[in-house]
Every structure is written in structure tokens, then in C-alpha cells.
Amino acid sequence: MNALYHGSELCEVDADGNVAVPAFLAAALPAEASPEIIVAKHQADSCLIGYGREHLATLAERAERRRLAEEDRDAETRGHYHRMRGTFGLSERMRRDAKGLRIPAAMRHLGRIDDLALFVGAGDSFEIWNPLLALESGDEHFRALAEFRLRMRGAKSKGVQ
């Protein structure tokens, strides 16, 4: 069974893309699970999407079902190949070790991740946002979450609990 990710956390990212594993992510990925996480450009939002390697089979099944449904409707197949390229081509392995995670440089570029990353659980996947982009979201509750996480980080850096 695939992991289910729920929760959120704002994390610092160093110049090499190293980041501590958010607590909700560590809880969803047991120690015996593969240390490999896949990270890709999200197909709809200005963020990255991550999931355990075992989730790739689920994504392939979903893509095939959608392709067959489009084929039944006599739809163009270009959309299928665009989705497949986005799902499998615009992705990289993100290694997890005792120190944390390393977000690959190409993925940081695509997700516009700088010195902070907002990790957000999304069920069978999780998202990695530049928190400033999250503040521009059309989802009012998500914007409020990003504001809260940034405000709490500012309070902690000032020594306020």
C-alpha cells in the first residue's frame, strides 16, 4: 500500500538543496521503506510533487486508464504523451538519508524553490512549494496556511515561542 501524506511544514533549504525531512513525511515513510522518493514538476500547480517509488505503478495505471478513455472518445493522443512526459520524464530521484533529503537542482529550478520549502501533504503524494508562490494560490485556505507557516518561522527566528 502506498503511503498517505497529511500535514505541512516549512523547511529551510541550503544551497545544495539539502532539507530536513518534515515530521509528517517521516511518519508516512517507514524506515524500512525505500530511501528513494520521486519528485516531479506538478502538472497543474506551481510546485513540485513527491511520492514513494512504489507510487509509480499507480501513476502508470491511471495514465493508461485515461489514455483508453480518450481513445474511446476518439481524442487526440498528444495529451497522453504530454502527461506521460510530465509524469515520468520531468521527474528525478530525491534521495533520503539520515541527514534528510536533497531536492535535485533541476527540480528546484522547475519548482522555483529557493531557501525555503513548504511541504504539504496531498494524500497519496506531497507537494513542495516555494512559500511565496503558495501565497499567490487561488485557494484561500492554502494561502492562509502559507501565511501562518511564514509568520511562525519569523516568530521563531526572533526567539518568540
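Positions are given from 1, in the same order as the sequence printed here. Computed from a prediction, not measured in an experiment: that's the story for all the values here.
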Say you draw a straight line from [atom1] of [X] to [atom2] of [Y]; how long is it, rounded to the nearest 0.5 Å?
X: Phe148; Y: His141; atom1: CZ; atom2: NE2; value: 15.5 Å
X: Leu135; Y: Trp129; atom1: CG; atom2: CH2; value: 10.5 Å
X: Cys47; Y: Leu110; atom1: SG; atom2: CG; value: 11.5 Å
X: Met94; Y: Tyr51; atom1: CE; atom2: OH; value: 10.5 Å
X: Ser91; Y: Ile49; atom1: OG; atom2: CD1; value: 11.0 Å
X: Ile37; Y: Leu25; atom1: CD1; atom2: CG; value: 5.0 Å

**OP:** Using ring-ring contact (aromatic ring centres under 6.0 Å, His included) as the criterion, list what pairs up with Phe24, not counting sequence neighbours.
**Re:**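 Testing Phe24 for ring-ring contact (aromatic ring centres under 6.0 Å, His included), a comparison that skips the adjacent residues, returns none.
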
**OP:** Not counting sequence neighbours, which residues clear ring-ring contact (aromatic ring centres under 6.0 Å, His included) with Phe119? List them please.
**Re:**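 Testing Phe119 for ring-ring contact (aromatic ring centres under 6.0 Å, His included), a comparison that skips the adjacent residues, returns none.
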
Please set out all donor-acceptor pairs under 3.5 angstrom arising from side-chain atoms of residues 98-107, sequence neighbours excluded.
residue, atom, partner, partner atom, Å
Arg102, NE, Asn18, OD1, 3.0
Arg102, NH2, Asn18, OD1, 3.4

Taking the side chain as C-beta and beyond, is there a heavy-atom pair between [X] and [Y] under 4.5 Å?
X: Ile38; Y: Glu92; result: no
X: Glu12; Y: Asp115; result: no
X: Asp124; Y: Tyr5; result: no
X: Val39; Y: Ile128; result: yes

**OP:** With sequence neighbours excluded, tell me which residues meet salt bridge (charged side-chain N to carboxylate O under 4.0 Å, His left out) with Arg112.
**Re:** none

Original post:
Where the side chain of Glu9 meets the backbone of Leu118, is there a donor-acceptor pair that is under 3.5 Å apart?
Top reply: no

Original post:
Within the side chain of Asn130, is there an N or O that forms a donor-acceptor pair under 3.5 Å with the backbone of Leu132?
Top reply: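 Side chain of Asn130 to backbone of Leu132, a donor-acceptor pair under 3.5 Å: yes, one is there.
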
**OP:** Work out which heavy atom in Leu10 is nearest to a heavy atom in Pro131; give both atom names and the distance.
**Re:**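 Nearest pair, atom of Leu10 first, then Pro131: CD1-CG, 3.8 Å.
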
**OP:** Might you point out which heavy atoms bring Ala117 and Ile113 nearest each other, and give the distance in Å?
**Re:** CB-CG2, 4.1 Å

**OP:** Not counting sequence neighbours, which residues clear side chain to side chain donor-acceptor pair (under 3.5 Å) with Ser8? List them please.
**Re:** Arg149

Subject >> Under the side chain to side chain donor-acceptor pair (under 3.5 Å) test, residues paired with Arg93 that sit two or more places apart >> reply: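 Expected list: Glu36.
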
